[in-house]
Every structure is written in structure tokens, then in C-alpha cells.
Number of protein chains: 2
Amino acid sequence: MGTRWLDDDERDAWVRFIAVVERLPGVLDSQLRRDAGLTHYEYFVLAMLSEAPDRTLRMTALAARTNATLPRLSHVVSRMEERDLVRRSPCLQDRRAFNVTLTDTGWATLVDAAPGHVATVREHVIDPLSPAQVRELAGIADAMLRRLDPQGSATPPARAPRTGEPDGAGEPDGTGEPDGAGSTGSTAATGSAPGGR
Amino acid sequence: MGTRWLDDDERDAWVRFIAVVERLPGVLDSQLRRDAGLTHYEYFVLAMLSEAPDRTLRMTALAARTNATLPRLSHVVSRMEERDLVRRSPCLQDRRAFNVTLTDTGWATLVDAAPGHVATVREHVIDPLSPAQVRELAGIADAMLRRLDPQGSATPPARAPRTGEPDGAGEPDGTGEPDGAGSTGSTAATGSAPGGR
DNA sequence: AGCGGATAGTTGACGATACAACTATCACCC
DNA sequence: GGGTGATAGTTGTATCGTCAACTATCCGCT
């Protein structure tokens with residue numbers, strides 16, 4: 001069975017796409033590192049936590065939402081814990097598990113970093129595209145994700161919570177909102193994160 | 001001046017897109033590492049060289065085509081040289097510069113690796129898309145690339161050779177084709193590379 | 001000539017990631 | 001009620017990439 005090589009359209013799309021995939025992380029990392037002392041991955045961890053109920057997520061769930069492996073997340077969380085950006089606490093329901101919570105320092109760091117980061121994302125990704133292209137891109141990325149992430153663990157806030165529930169699933173505190181900053185703060189933190197709800 | 005946050009369409013596109021950007025390299029790397037003992041970046045270096053005239057490119061040109069920094073390329077080439085995949089030789093026209101040439105071993109390694117790699121690219125990137133989406137993707141990636149790489153150094157084979165000409169620009173040997181395998185081999189090597197000419 | 005700034009590339013140290021073990025707990029079930 | 005397999009997470013090592021010097025060469029100018 002011969003290999004199905006890429007035709008001209010396909011090769012053209014692939015070469016450009018892989019160039020973006022290779023170059024974009026470096027751009028995101030260096031802007032955040034320079035302006036906020038964070039890697040893009042660390043930023044994303046903060047953003048995901050900021051949108052979670054009670055600003056808390058289990059390691060496994062956080063790893064899935066941040067598109068990373070568990071060992072990688074574990075190392076990153078250890079370093080972030082030393083900088084007081086997040087805090088680990090044992091999960092009461094499952095003694096193998098840990099919850100990770102955003103600290104006030106982490107929240108402040110995120111709010112600080114968000115405008116510059118969003119500007120970078122706009123400059124390099126969103127603004128060069130027409131509104132129609134932005135919608136196309138969502139569809140295209142979604143199609144790829146179904147192969148790259150068959151469980152759909154990257155964006156679970158939309159569906160049934162199959163696994164990785166944070167501690168105390170039925171938390172008494174009904175306000176999903178973080179204290180203090182109100183909805184403005186939440187949007188700021190989001191920056192590059194899913195629309196939560 | 002307030003930050004322009006992302007609206008719903010934009011955030012949706014961004015979150016899915018960044019998930020692909022984060023996950024895809026790992027998938028490409030582990031397939032190639034498992035089946036051919038190469039990283040994706042090393043594969044790409046081999047592929048770019050295989051399409052260059054005389055299978056040779058200067059460091060700077062190769063770095064641009066492979067979307068990498070010069071220090072990174074330098075380290076990678078050193079390792080690949082030890083494995084006899086490529087060879088460095090001083091550039092006669094410019095004594096600061098070096099040419100990198102694909103060896104026969106490197107060519108064979110590339111030909112070996114190509115089918116599996118292309119299959120992976122198809123599975124995760126191309127085949128999930130409709131033909132129309134493939135064309136859309138080329139346009140979208142192109143628009144982003146104009147910001148990420150304003151000089152357009154990623155795909156220069158189409159335009160004027162502003163910099164980084166390989167040694168002996170007017171090489172006597174007129175056949176751009178590698179020896180042996182003919183056009184089939186060339187296509188195989190291409191795999192994930194630009195259509196050269 | 002020869003000086004100054006830019007370009008080509010290398011090197012070393014450090015930081016971060018992947019991968020493979022390993023521990024501890026859970027869930028099932030016979 | 002104890003064994004078995006799966007799950008949650010950590011840790012150590014080896015590798016890879018980035019960043020900041022540093023060397024060598026080239027180009028333009030006076």
C-alpha cells in the first residue's frame with residue numbers, strides 16, 4: 001500500500017501551518033517572560049484556575065485543560081507553589097488526588113499579565129484574520145482536536161463532568177465568582193481561556 | 001486605553017487553536033521518535049535539505065526555513081553530524097558561514113521516516129478537514145505568518161533570494177534532483193515540506 | 001589603510017520537558 | 001476481606017531549547 005502523499009493544496013496548508021505551530025509558542029513565551037515573568041504554560045495554568053469553581057482544580061483535570069502531561073504539570077505546579085502563585089491541598093474524597101488552588105498572589109499576577117498577553121494574541125493570531133476566518137479557524141481547530149484529543153478533555157466546561165471533579169462537588173458557596181474583582185476581573189483573567197460558562 | 005478582550009467567537013477560536021498548537025508537536029515527536037529515532041525538528045531539517053539545490057543550505061537559511069533560532073540549529077546540527085546525517089563545510093564565499101549538506105545516510109533516514117510521518121500528519125491535521133477547510137487553513141496560516149515572520153523567511157523558495165545563498169550559487173550540476181531515487185524519492189523526502197519548485 | 005558597526009555562527013550554563021520508574025490509593029469482585 | 005488491575009500523582013534522569021556572551025569575518029566610510 002503506497003503512502004498517500006500530500007497534494008499541492010495540502011502541502012501548502014501543512015507547511016504554513018507547521019511554521020505557525022513552531023513559531024507561535026516562542027512569541028507568546030518571550031512576551032510573557034519579559035513582561036510578567038511567566039511562561040505561556042504557567043499563564044495558562046493561572047487562567048484555567050481563575051475560571052474554575054472555587055479557583056480550584058484537581059491535577060488531572062488541570063493537566064487536561066492545559067493540554068499537558070501529568071509529570072509536566074507536577075513539576076510546574078511545584079515551581080509555582082514556591083513562588084506562591086498556587087497552593088496544593090490534599091483531596092478529601094480521594095486520598096490519591098490533590099487540588100490546586102489559585103492564591104491571591106497568583107490572581108494578581110494573572111490580572112497583571114493579561115492585557116499584554118491578549119494584545120500579543122490579537123496581534124499575531126486574531127487581528128490578521130477576518131471575522132469569517134476566525135469562525136473557520138474554530139471549526140478547523142475543532143476538527144483537529146477530535147483526533148488529537150478524542151476524549152475532548154481540553155474543553156470540558158461545556159459537558160458532563162465525567163472525571164476530575166474538584167473537591168466538594170456541591171460546594172455550599174453558590175457564587176462561582178471570585179471574590180473582589182467581580183466580573184471585570186474574571187474576564188481579564190480569562191484572556192486566552194475558554195468562556196467557562 | 002482599555003484592553004480589547006476577545007469576544008465569544010474569538011475566544012472560542014483561540015482556545016481551540018492553542019490546544020492544537022500545544023498538543024500537535026508532542027504527537028509528531030513521539031511518532032517519529034518511536035518509528036525513526038528522530039525528533040520532528042530533525043526530520044524537518046532533513047526534509048528542507050533534501051529539497052535544496054545540491055542538498056545544501058547555509059546555517060542561517062536553514063534556520064529560517066525550519067522556523068528556529070540559530071543557536072538551536074547549531075546544537076541540533078552538531079548532534080546530527082555525529083550521527084552522520086548531515087555534514088558541515090565552510091563556505092568559500094563567506095568565511096564566517098557554513099554550509100550544511102545532507103549525507104546519504106541522512107537521505108536514507110529521511111526516506112525511511114517519511115511514510116509514517118505523512119500518515120501521522122494526515123491522520124491528525126489534513127484528513128479531518130474538508131478540501132475547502134484545507135484551503136482556508138492555508139490562508140489563515142499565511143495571514144498569521146505575515147505577523148510572526150514579517151520577512152517571509154519561512155518559505156523563500158518562491159521569491160527573490162535576498163540572503164543566505166548556498167555555496168556556489170551557480171553550481172555546474174544542473175539537475176536539482178538527488179541521485180538515485182528520482183522524483184518519487186524527492187516527494188517522499190518532502191513529506192511535510194514545501195513544494196520546492 | 002583601518003576603524004566601527006553589523007552579520008554568521010558557536011559555546012556554555014541554565015531552565016524546562018519527556019520518559020520511565022515508583023508509591024499510594026481506589027474500585028471491583030469472588 | 002484480601003487480591004488484582006486501574007488510577008493519581010511524584011520523582012529522577014537524560015535531553016533539548018533559550019539566553020547571553022563571545023569569536024571571527026565582512027562591509028562601508030573616511
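A, B, ... follow the sequence lines: proteins, then strands. Residue 1 opens every chain. Computed from a prediction, not measured in an experiment: that's the story for all the values here.
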Quiz item: What pairs with B/Arg147 under salt bridge (Lys or Arg N to Asp or Glu O under 4.0 Å), at least two apart in sequence or on another chain?
Solution: none

Quiz item: Roughly how many Å is it from CE in A/Met80 to P in D/dT10, rounded to a whole number?
Solution: 14 Å

Quiz prompt | Option among A/Val134, A/Leu137, A/Val125 that satisfies the side chain to side chain contact (heavy atoms under 4.5 Å, CB included) test with B/Trp14 | solution = A/Val125

Exercise. Drop me the distance from A/Leu24's CG to B/Leu145's CG, to the nearest 0.5 angstrom.
Key: 10.5 Å

Quiz item: Relative to the ring of B/His40, is the ring of B/Phe44 parallel (under 30°), tilted (30 to 60°) or perpendicular (over 60°)?
Solution: tilted

Quiz item: Would you call A/Arg87 and A/Asp104 a salt bridge, taking side-chain N to carboxylate O under 4.0 Å as the test?
Solution: no

Practice problem: Apply the side chain to side chain contact (heavy atoms under 4.5 Å, CB included) test between B/Leu102 and each candidate in B/Thr56, B/Leu57, B/Leu46, B/Leu85; give the one that qualifies. | Solution: B/Leu46

Quiz item: Mapping A/Ser30 and A/Met59 onto DNA chain D by nearest heavy atom, which one lands closer to the 5' end?
Solution: A/Met59

Quiz item: In whole Å, what is the span from the CZ atom of B/Arg34 to the P atom of C/dA20?
Solution: 12 Å

What protein N or O atoms touch nucleotides 22-26 of chain C N or O atoms at under 3.5 angstrom, if any, and at what distances?
from, atom 1, to, atom 2, distance (Å)
C/dT25, O2, A/Arg96, NH1, 3.3
C/dC26, OP1, A/Arg95, N, 3.0

Quiz item: Please give, in whole Å, the distance from C/dA18 P to B/Leu32 CG?
Solution: 16 Å

Quiz item: Just how far is it from atom CZ of A/Phe17 to atom CE of B/Met144, taken to the nearest 0.5 Å?
Solution: 8.5 Å

Self-check item: Lys/Arg-Asp/Glu bridge criterion (N-O < 4.0 Å) met for B/Arg83, B/Glu42
Solution: yes

Practice problem: Send over the distance from B/Leu73 CG to C/dA8 C1', rounded to a whole Å. | Solution: 12 Å

Self-check item: Atom-to-atom span, CD of B/Glu22 to C1' of C/dA18 - whole angstrom
Solution: 15 Å

Quiz item: Could you run down nucleotides 11-16 of chain D 5' to 3' and tag each one B, S or - for protein heavy-atom contact under 4.0 Å?
Solution: BB---S

Self-check item: Interatomic distance where OH belongs to A/Tyr41 and P belongs to C/dT17 [whole Å]
Solution: 8 Å

